[in-house]
Protein chains: 2
Amino acid sequence: MLGAQGALLRLVATGHAESRAELARLSGLAASSVSLRVEELIGNGLLVEEGSGTSRGGRRPRRLRVSPTAGLLAVADLGAHHARLGLLDLSGTPLIVEERPCDIALGPEATLDWMAAAFDDLLRTHGPPGVPLRGVGTGIPGPVDPAGGRVVSPSRMPGWNNFSVAEHLGARYDLPVIVENDANLLAVGEARAWPGCDNLMVLKAGTGIGCGVIMDGRLHRGRGAAGDISHVRVTTDSSVMCSCGHPDCLEAYASGAALMSALNERGIPVRRPADVVSLAEDGVPEATALVRNAGRLIGEVLTVLVNFLNPDAIVVGGNLSRAEPLISSIRAAVYERCLPLATRDLEIAVTRSGPDAALLGAGSLLLDAVLA
Amino acid sequence: MLGAQGALLRLVATGHAESRAELARLSGLAASSVSLRVEELIGNGLLVEEGSGTSRGGRRPRRLRVSPTAGLLAVADLGAHHARLGLLDLSGTPLIVEERPCDIALGPEATLDWMAAAFDDLLRTHGPPGVPLRGVGTGIPGPVDPAGGRVVSPSRMPGWNNFSVAEHLGARYDLPVIVENDANLLAVGEARAWPGCDNLMVLKAGTGIGCGVIMDGRLHRGRGAAGDISHVRVTTDSSVMCSCGHPDCLEAYASGAALMSALNERGIPVRRPADVVSLAEDGVPEATALVRNAGRLIGEVLTVLVNFLNPDAIVVGGNLSRAEPLISSIRAAVYERCLPLATRDLEIAVTRSGPDAALLGAGSLLLDAVLA
DNA sequence: CGTTTTATCTTCGATATCGAAGGAAGATGA
DNA sequence: TCATCTTCCTTCGATATCGAAGATAAAACG
């Protein structure tokens, strides 16, 4: 639809280019063609010129930005009991982000209607008047079939199995819609904060354990379930049966849910993964030991994947990521057991993007869909 | 250099397109532009028209082929004691393939000089006169840094560490040169036989265990060591120290080398991985049991990767792949333990491409380099 | 058989892109 | 301060691509 102009707009929106000259360098188009296209984009109100950039030894570039009136994206990241919702401009910058309680156990229709109402609310209260909505995207705490935007075999989403979220949203909004697993969105969002790292594994350690994979700079989806590490068998003394029907899955030992129930059993009351982090920060021995053990088990699983995929970085996000013992024991396990060749330049770090990473990721994917 | 014409030539060379109409469909260019470019390619002697293809309900297409005189590719796959060498035309079709004994332990210079002499020999005896050599490619039984074509930390190649094979070959041949890990070449070659499968894991089970990964239709290299599964820790009763310094690596139990030494220890003399296959085919219980155990261990490692990457197929190649118990126990382990979502459409099969797969893979990568 | 349908390939004017040359604006340095 | 250099951006003629219409060739069908 937008053709070559879309590619240029995308380069500006993603922050890769700020001037006509940069666009020419990055897009491969001739400088003259870039000028023509940019003139059109400015005419259409999609780009604006805004002052001038810093000189690189010659004439200062005329800085280009995506127009604030070019459009809005409505994005959400659905969790089991809370959802983060936000409005972004076309450059992916949040205008407003809110967290609201919700309950996905009410089923897909009710939840998505609630989400749409929340979007309407945000647009009314925070949307600049006259700026059109251009796309809708949402993260789902379960596997999503990449072809049909359909939820498949989710473990904690009663009533959602085989429900096509993309179709349902597409019927309401006549706009590009993206539906994606929450860990995948996190990975895409996080990738923006890791320039130069084309191969990234982004762990989401929260109530469950998920992982998003960026390879060659792009999200790897496989058939929709890519990134699963929660049902890998781990070696432990005890033996626990997982809900998937197999014994000793990683999830049964290292997920936030598992840590919480272990603490509760020992008479230490916790209600949310964040409580586990607090206990570990306060130096409660039981919590620290459990978190360390979780990190070790996660690290041992990652070992296999690091040897096999040779990523540039492993990024740990999710509610549990702020627990220092978790990441240090992941580091220890990976560096101890992986091939030197694979760990030589491997960075293992906590998220750089903060709590809105998944929403930024949704914006990034949506932008591609909107500017296709 | 060749620009848009290169893309068209590549589509014909890879067998994706056979007529101008197909080229137009696949390249995205207008039919008229395709006709013009094809005319030039024919004029340059790179393409030829050859009869007509089968009708799809209308006029028969005029079949296009890469000219046999367009050029030759010299490719090799170096093993520890043998090398396969071949000449391909620009469509990747072998003119001649030979297996010759060699010894990489003589070091890089000696081995590469030997290889060059073998290429000269093949060109003299089997190269059509007047057809130019357009590229040289070789597979290496060890990790190769993708940037510099440099061998890094190989385990069975004394004297090769940090040697830049690409630079050495580039000095001799003023042509595009590719240097790649042998399992990676196998994967690329095998991928041609699996149309529609964009995500492939290709296991090379021979003296060592290697794996090549095709994701999104392209070879995944990581930082050069991607595809390693041999140094994953497996769970067994006994405990063996691996040469990498860690206990219980997969390689120590499931590689051809491990199987051979285990059989020899039990008084059953074997000298090559193929001997193990013969023994298993003959129903020698010790051999069958060892092979089954190897398959189970490999399968358990693959379990993690299948859950994580959701490939379309796992292809088993290498000398040991003809051992039926190996593949059936890999299948059993993967299907038993992986998520249903990941195995629903997963195929696990032996190689479709035969013994020249790695050479075909080298040709495929070289073609991209030659037609860039 | 001839007519219709389908697909392949080419012709030709309209459009888009390119690239060399030059103008604009600031950095650099005597 | 002024000439010179670097970078940014535009102008304009040359070139490449597009796409609609037509020509070609064969299959499908009455």
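The sequence lines fix the lettering, A, B, ..., with proteins before strands; numbering per chain opens at 1. Please read all numbers here as calculations on a predicted model, not as lab measurements. Side chains are part of it too, since the values below use all heavy atoms of this structure and drop only hydrogens, waters and symmetry mates.
For A/Thr93 and A/Ser91, the side-chain atoms include at least one donor-acceptor pair closer than 3.5 Å. Counted by atom type alone, A/Ser353 and A/Thr351 present zero donor-acceptor pairs between their side chains at under 3.5 Å.
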What string of B, S and - do you get for nucleotides 10-15 of chain D, 5' to 3', if B is base contact, S is sugar-phosphate-only contact and - is no contact with any protein heavy atom under 4.0 Å? BB----

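A salt bridge is absent between B/Glu49 and B/Arg65; no separation between the charged side-chain nitrogens and carboxylate oxygens falls under 4.0 Å. Of the charged side-chain nitrogens involved, at least one lies within less than 4.0 Å of a carboxylate oxygen, so that A/Asp312 and B/Arg223 count as a salt-bridged pair. Salt-bridge check for B/Arg56 with B/Glu22: failed, with every basic side-chain N at 4.0 Å or more from each acidic carboxylate O.
Look at CG on B/Leu8: it is 13 Å from C1' on D/dT17, rounded to the nearest Å. Taking atom CD of residue B/Glu18 and atom P of nucleotide C/dA7, one finds them 17 Å apart after rounding to whole Å.
Contacts of B/Arg63 with the nucleic acid, taken as non-hydrogen atoms under 4.0 Å apart, are absent. B/Ser19 comes within contact range of the sugar-phosphate backbone alone, with a heavy-atom separation under 4.0 Å but no base atom that close. Residue B/Arg37 is classed as a sugar-phosphate contact, given heavy-atom separations below 4.0 Å to backbone atoms only.
Scanning atom types as modelled, one donor and one acceptor separated by under 3.5 angstrom connect the side chain of B/Arg59 and the base of C/dT8.
Phosphate proximity of D/dC18 to B/Ser33: present, with a side-chain N or O under 4.0 Å from OP1 or OP2. Contact between the side-chain N/O atoms of A/Arg60 and the OP1/OP2 oxygens of C/dG26 is found at a separation under 4.0 Å. At C/dT8, one or more side-chain N or O atoms of B/Arg56 fall inside 4.0 Å of OP1 or OP2 (strictly under the cut-off).
Just one of A/Val75, A/Ile178, A/Leu360, A/Thr138 meets the side chain to side chain contact (heavy atoms under 4.5 Å, CB included) condition when paired with A/Leu185; it is A/Ile178.
Mapping A/Ser55 and A/Gly28 onto DNA chain C by nearest heavy atom places A/Gly28 closer to the 5' end of the strand.
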